[in-house]
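Whatever order the structure lists them in is the order used to number ligands and atoms, beginning at 1. For reference, positions follow the sequence shown, starting with 1.
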Amino acid sequence: MAGASGYAGGEALRLLLGHPEVEVGAVTAASSAGARLGDVHPHLLPLADRVLQETTPELLAEHDAVVLALPHGASAALAAQLPADVLVLDCGADHRLADPVAWKTFYGTDHAGTWPYGMPELLTGPSATQGTTAAAPKQRDALVGARRVAVPGCYPTGVSLALAPGFAAGLLEPDDVVVVAASGTSGAGKGLKPNLLGSEVMGSMSPYGVGGVHRHTPEVEQNLSGAAGEPVTVSFTPTLAPMPRGILATCTARVRPGTTADQLRAAWRAAYADEPFVHLLPEGSWPRTADVLGSNAVVLGLALDERVGRVVVVAAEDNLTKGTAGAAVQCLNLAFGLPETLGLPVTGLAP
Ligand SMILES: NC(=O)c1ccc[n+]([C@@H]2O[C@H](COP(=O)([O-])OP(=O)(O)OC[C@H]3O[C@@H](n4cnc5c(N)ncnc54)[C@H](OP(=O)(O)O)[C@@H]3O)[C@@H](O)[C@H]2O)c1
């Protein structure tokens, strides 16, 4: 586990401690190398006496699987030095985007290449029959037996799963998608930042990355364009909410003329009927972040705003669980041929 002292690394360790087929190997870090894990993550009692080691390819290469939970830009060089038969699950962004131009535009560095994208439930193409998602392809097949996985970003997880069924079913217009999403502060990592101090965050909400500049925008567009089979553009505005974990994403798109609420609901229901981690609530029910804390579930609520011709889908997820570490464990299960749900909770911590 590389980046074990960070938030995503800590969540990965929490989940892996409960996984019946996994033994936690080396735990590595950067500035906190040499510290006891118990001093960094007091909640991980069974690992309290482990000592964080320097992150080196030699040490990581001794494992069957390596989770990289490092700042974006740090994982590509490290991963390139790991043997091809070691499963590498990168929680960072380095290998998520297929388009080098989009990478350069939003991240400002050279593109490190593209790995299989770790969102098994994502619809990856339009259905052969307009209005349904029953036969639309999914990302899962690309993950079975994989040895390199780009674990999705936290916002793209909820947003992509919220809207992909409508695009795969051909029910949504591709050029009028608006997403406003609130995230808990752990989404920004554990490093000290003045805008994340308790005194700045408690009792206040604030937007950031406004104006189409947030780095998750091209990832969401990539996912929705794949589902639609045509380019989809997205206006995305993230906000910071006074809570440690959780994302609530309100996603809206204009529906194609004549689309009914029943058609929409049927498309979403068919897309996720067999999915253990994506749950569509009944009509009139709406997700809450508290219900998915610590859980690998994404919960969706859906309505058609008939007056303005827009579908509204609200998604709740835990940014650290399904939003990163849970997705990594889910992909580890698929890569190693284990049951996909092994070691992954679907119950939250509410209230
Ligand atoms: N937080 C989330 O909700 C979330 C969701 C989805 C994806 N992710 C992604 O997951 C990755 C980790 O995020 P995080 O929130 O866990 O960040 P974090 O809390 O800041 O942790 C970063 C970790 O990386 C280590 N590190 C920093 N620079 C390094 C380097 N050059 N080489 C090796 N290790 C280094 C840090 O070690 P020291 O502390 O010892 O310096 C720490 O263990 C990021 O790429 C992030 O985008 C995070």
message: Only heavy atoms of K190, strictly under 4.0 Å: list the atoms of ligand 1 that pass.
response: 18 (P), 19 (O), 20 (O)
field: Element-labelled atoms of ligand 1 that are located less than 4.0 Å from some non-hydrogen atom of A8
entry: 10 (O), 14 (P), 16 (O)
message: Is there a side-chain contact between T124 and N223 in this structure, where contact means two heavy atoms from C-beta onward sitting under 4.5 Å apart?
response: no
message: List ligand 1 atoms under 4.0 Å from S32, heavy atoms only on the residue side.
response: 38 (P), 39 (O), 40 (O)
message: Using 0.5 Å steps for rounding, measure from the CG atom of L161 to the CG atom of L122.
response: 6.5 Å
message: Looking at every heavy atom in both A162 and V313, which two are closest together, and how far apart are they?
response: O-CG1, 3.6 Å
query: Where is the nearest protein heavy atom to atom 3 (O) of ligand 1: which residue, which atom, and how far?
result: N319 ND2, 2.8 Å
task: Just need the protein heavy atom nearest to atom 4 (C) of ligand 1, so name the residue and atom and give the distance.
output: T324 CG2, 4.0 Å
- prompt: Closest non-hydrogen protein atom to atom 33 (C) of ligand 1, residue and atom name please, with distance?
  reply: L70 CD2, 3.8 Å
- line: For M119 and P156 the tightest heavy-atom approach is CE-O, 3.8 Å
- prompt: Can you list the ligand 1 atoms lying under 4.0 Å from a non-hydrogen atom of S31?
  reply: 38 (P), 39 (O), 40 (O), 41 (O)
- prompt: To which of A69, A327, A30 does the heavy atom nearest atom 24 (O) of ligand 1 belong?
  reply: A69
- prompt: Do you know the tightest heavy-atom contact between A8 and A325?
  reply: O-CB, 3.8 Å
message: I'd like the name of whichever of A74, P156, A35 reaches closest to atom 31 (N) of ligand 1 through any heavy atom.
response: A74
Polar proximity ligand 1 side, G3 side, N/O cut 3.5 Å exclusive: yes
- prompt: What do you reckon, does A33 have a nitrogen or oxygen under 3.5 Å from a nitrogen or oxygen of ligand 1?
  reply: no
- prompt: Once the angle between the rings of F236 and Y155 is folded into 0 to 90°, is it parallel (under 30°), tilted (30 to 60°) or perpendicular (over 60°)?
  reply: perpendicular
statement: Shortest non-hydrogen pair, L171 vs A267, comes out as CD1-CB, 4.0 Å
message: I'd like to know whether E21 forms a side chain to side chain contact (heavy atoms under 4.5 Å, CB included) with L342, so could you lay out the CA-CA distance, the side-chain angles of the two residues, the decisive distance to 0.1 Å, and finally the verdict.
response: CA-CA 8 Å; E21 297 291 337; L342 207 61; 3.6 Å; yes
message: Give the atom numbers and elements of ligand 1 that come within less than 4.0 Å of a heavy atom of G323.
response: 5 (C), 6 (C)
- line: Nearest non-hydrogen protein atom to atom 8 (N) of ligand 1, with distance, is C91 O, 3.8 Å
task: Pull out every atom of ligand 1 sitting under 4.0 Å from any heavy atom of L320, numbered as shown with elements.
output: 1 (N), 2 (C), 3 (O)
- request: Looking only at distances, please establish whether an N/O atom of ligand 1 is found under 3.5 Å from an N/O atom of R96.
  value: no
task: Sort and list the pairs that fulfil ring-ring contact (aromatic ring centres under 6.0 Å, His included) and have at least one residue in residues 58-85, not counting sequence neighbours.
output: H72-Y107
Heavy-atom protein neighbour under 4.0 angstrom from atom 47 (O) of ligand 1: no
task: Could you tell me whether R288 and D291 have a side-chain N and a carboxylate O separated by less than 4.0 Å?
output: yes
task: With heavy atoms of G92 as the reference, note each atom of ligand 1 found under 4.0 Å away.
output: 45 (O)
Which residue and heavy atom of the protein sit nearest atom 21 (O) of ligand 1, plus the separation: G6 CA, 3.2 Å
- request: Heavy-atom contacts with S186 under 4.0 Å: which atoms of ligand 1 show up? List them by number with element.
  value: 1 (N), 2 (C), 3 (O)
query: So which heavy atom in the protein is nearest atom 15 (O) of ligand 1, and how far is it from that ligand atom?
result: G189 CA, 3.1 Å
query: How far apart are the closest heavy atoms of A182 and T239, and which atoms are they?
result: CA-OG1, 3.2 Å
- prompt: Taking atom OG of S183 and atom CG of N319, what is their separation to the nearest 0.5 Å?
  reply: 4.5 Å
message: Please classify the H72 to ligand 1 contact at 4.0 Å (heavy-atom distances, strictly less than): side chain, backbone, both or neither.
response: backbone
message: For atom 42 (C) of ligand 1, what is the closest protein heavy atom, and at what distance to 0.1 Å?
response: S5 OG, 3.4 Å
statement: What one should report as the nearest heavy-atom pair of G145 and R147 is O-NH1, 3.5 Å
